[in-house]
Amino acid sequence: MPTTESPRGKAIAEAAARVIPGGVNSSTRYIGAPYAFVDAAGAYVTDADGRRYLDYHAAFGAILLGHNAPAVNDAVRAAIGGVDLIGLGVTEPEVALAEKVVEVIPSAESMVATMSGSEAVAQAIRLARAVTGRDLIVKFQGGFHGWSDSVARNVISTPERAYGLDPLSAGILPHALDATLIAEFNDLPSVEALFDQYPERIAAVIMEPIPHNVGALVPTQDFVDGLRKLTEQQGALYILDEVITGFRHSLGGYQQVMGVTPDLTTFGKGMGNGFPTGGVAGRRDLMEHFNGQTGDVLMAGTFNGNPIGCAAALATIGYLQEHPDFYERTHRLGARMRAGLNGIIAELDIEATVAGFGGVFSLYFAKPPVLGYRDLLRNDNTAYVAFHRGMTERGFLMLPLALKRNHVSGAHTEEDIDRTLEAARDVLRDLR
Ligand SMILES: Cc1ncc(COP(=O)(O)O)c(C=O)c1O
């Protein structure tokens with residue numbers, strides 16, 4: 001059945017649109033067909049009309065080990081019926097989770113649990129302002145750090161709006177937007193210029209170690225080391241937003257890959273393999289500001305440290321600790337995908353390139369090199385949309401936005417990669 005024929009999916013989508021604005025619960029989820037999903041297992045998801053898709057979208061990266069990973073689901077089932085949400089004192093799973101994060105993340109001396117990545121980022125930014133007494137934040141064009149006011153600007157900007165004022169939403173206080181400065185990724189002088197322009201005003205530089213929200217801009221070691229040095233010299237905090245890279249690229253996050261020690265790190269997504277969880281971790285002296293008895297920064301959240309999120313995160317991180325081959329495997333399959341796609345691009349002589357790291361791959365319809373957002377302004381978004389549609393029709397789910405990334409999870413096989421490459425060859429040949 002072609003994807004356009006989706007009687008059951010369409011009916012569910014129509015029912016959704018009557019009671020949910022736009023018919024989806026997060027604004028970038030609507031892609032037309034397939035409209036609705038009913039099942040997921042390993043690397044596959046099934047739509048409401050019974051069509052199976054090989055899934056590289058992975059719930060925007062929240063699925064790390066594969067859908068319905070038994071190790072995680074079993075732990076969540078076991079948690080139900082034990083101590084539930086008390087909301088006073090602490091529970092043992094919360095202590096175990098913080099101990100686990102402190103054990104595996106090189107820069108983590110203590111940790112607080114949140115429900116999502118956006119909450120973790122909002123808390124980290126407030127903490128940075130509190131400890132430095134400064135008002136401004138630096139983020140990079142193309143970086144996404146969730147929906148909170150301080151960071152909801154300048155992600156996939158058009159050439160006209162890039163680097164200028166490009167809020168993701170109406171309703172954000174102009175002051176909040178103005179307090180966030182925009183720099184260029186992999187361009188240290190662009191950050192130095194902001195510190196020169198606003199002396200002793202910048203509280204923190206926040207970055208995705210690899211800005212996966214615009215594909216995969218891989219940082220140079222000099223850029224990362226330079227930022228660490230610069231923020232230290234300038235008395236600003238260096239916040240790594242590892243909501244996507246954390247646990248995915250290595251057990252200790254991308255900070256471990258780069259050998260850099262941020263002041264604060266934020267987590268979410270894959271940490272709980274699809275269950276809601278997240279957190280902020282970092283230097284103890286900074287984190288102590290969250291101490292409700294002696295500190296000065298509010299840390300609040302009814303569901304923070306809830307038993308399901310804790311059980312899921314403990315099981316996911318525990319699985320990764322016990323199965324280090326996860327990294328060997330996802331990195332090998334990711335490399336196979338990137339090399340295969342680059343081979344097809346060369347063979348068909350298309351203006352495109354593939355970027356990525358570990359199990360993540362991104363197809364850019366632009367010439368290499370792709371180091372900063374400026375290079376992405378040349379991306380042919382229309383070509384990507386056509387590629388995405390062609391792959392969906394052949395049963396491969398990828399991220400719907402032109403500059404996002406795709407994920408090889410712990411459940412993908414070599415055969416899955418090879419089948420994907422065959423389909424990609426067909427689609428790219430048609431596109432050409
Ligand atoms: C790097 C990064 N930080 C923060 C967030 C926000 O996380 P959440 O959607 O869990 O609030 C996202 C979500 O896409 C993200 O990619």
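Just follow the structure's listing: the first ligand is 1, and inside any ligand the first atom is 1.
- Heavy atoms only, all atoms of each residue included: Ala124 and Leu264 are closest at O-CD1, 3.9 Å.
- At a cut-off of 3.5 Å, with distance as the only test, no side-chain donor of Thr114 or Gln123 sits close to an acceptor on the other residue.
- Contact atoms of ligand 1 toward Ser116: 10 (O), 11 (O) (distance under 4.0 Å to a heavy atom of the residue).
- Looking only at heavy atoms of the protein, atom 10 (O) of ligand 1 is closest to Gly117 N, 2.9 Å.
- If you check which protein heavy atom lies closest to atom 5 (C) of ligand 1, you get Gly146 N, 3.7 Å.
- The nearest heavy-atom contact from the protein to atom 16 (O) of ligand 1 is Asn213 ND2, 2.9 Å.
- Side-chain polar atoms of Asp416 and Tyr44 form a donor-acceptor pair below 3.5 angstrom.
- Scanning all protein heavy atoms for the shortest distance to atom 11 (O) of ligand 1 gives Ser118 OG, 2.6 Å.
- No hydrogens or angles considered: a donor-acceptor pair under 3.5 Å links the side chains of Thr420 and Tyr56.
- With Ser190 contributing its side chain and Ala183 its backbone, the two residues share no donor-acceptor pair below 3.5 Å.
- Atom 1 (C) of ligand 1 has Phe144 O, 3.2 Å as its closest protein atom, hydrogens excluded (heavy atom only).
- Atoms of ligand 1 lying under 4.0 Å from any heavy atom of Ile244, numbered from 1 in the order shown and given with element: 16 (O).
- No part of Glu119 comes within 4.0 Å of ligand 1, judged by heavy-atom distances.
- Within the listing of ligand 1, atoms 1 (C), 2 (C), 3 (N), 4 (C) sit less than 4.0 angstrom from a heavy atom of Asp241.
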Just list the side-chain donor-acceptor pairs under 3.5 Å for residues 80-97, sequence neighbours left out, or say none.
residue : atom : partner : partner atom : Å
Thr91   : OG1  : Glu94   : OE2          : 2.7
Glu94   : OE2  : Thr91   : N            : 2.9

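- When each atom of ligand 1 is checked for a heavy atom of Glu208 under 4.0 Å away, the hits are 1 (C).
- Of the polar atoms of Lys269, at least one N or O is found under 3.5 Å from an N or O of ligand 1, judged by distance alone.
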Practice problem: Apply ring pair (Phe, Tyr, Trp, His ring centres under 6.0 Å) to the pair Phe223 and Phe185, showing each step before the final yes or no. | Solution: CA-CA 9 Å; Phe223 177 63; Phe185 197 75; 5.0 Å; yes
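- In this structure, the salt bridge (charged side-chain N to carboxylate O under 4.0 Å, His left out) partners of Arg228, at least two apart in sequence or on a different chain, are Glu232, Asp263.
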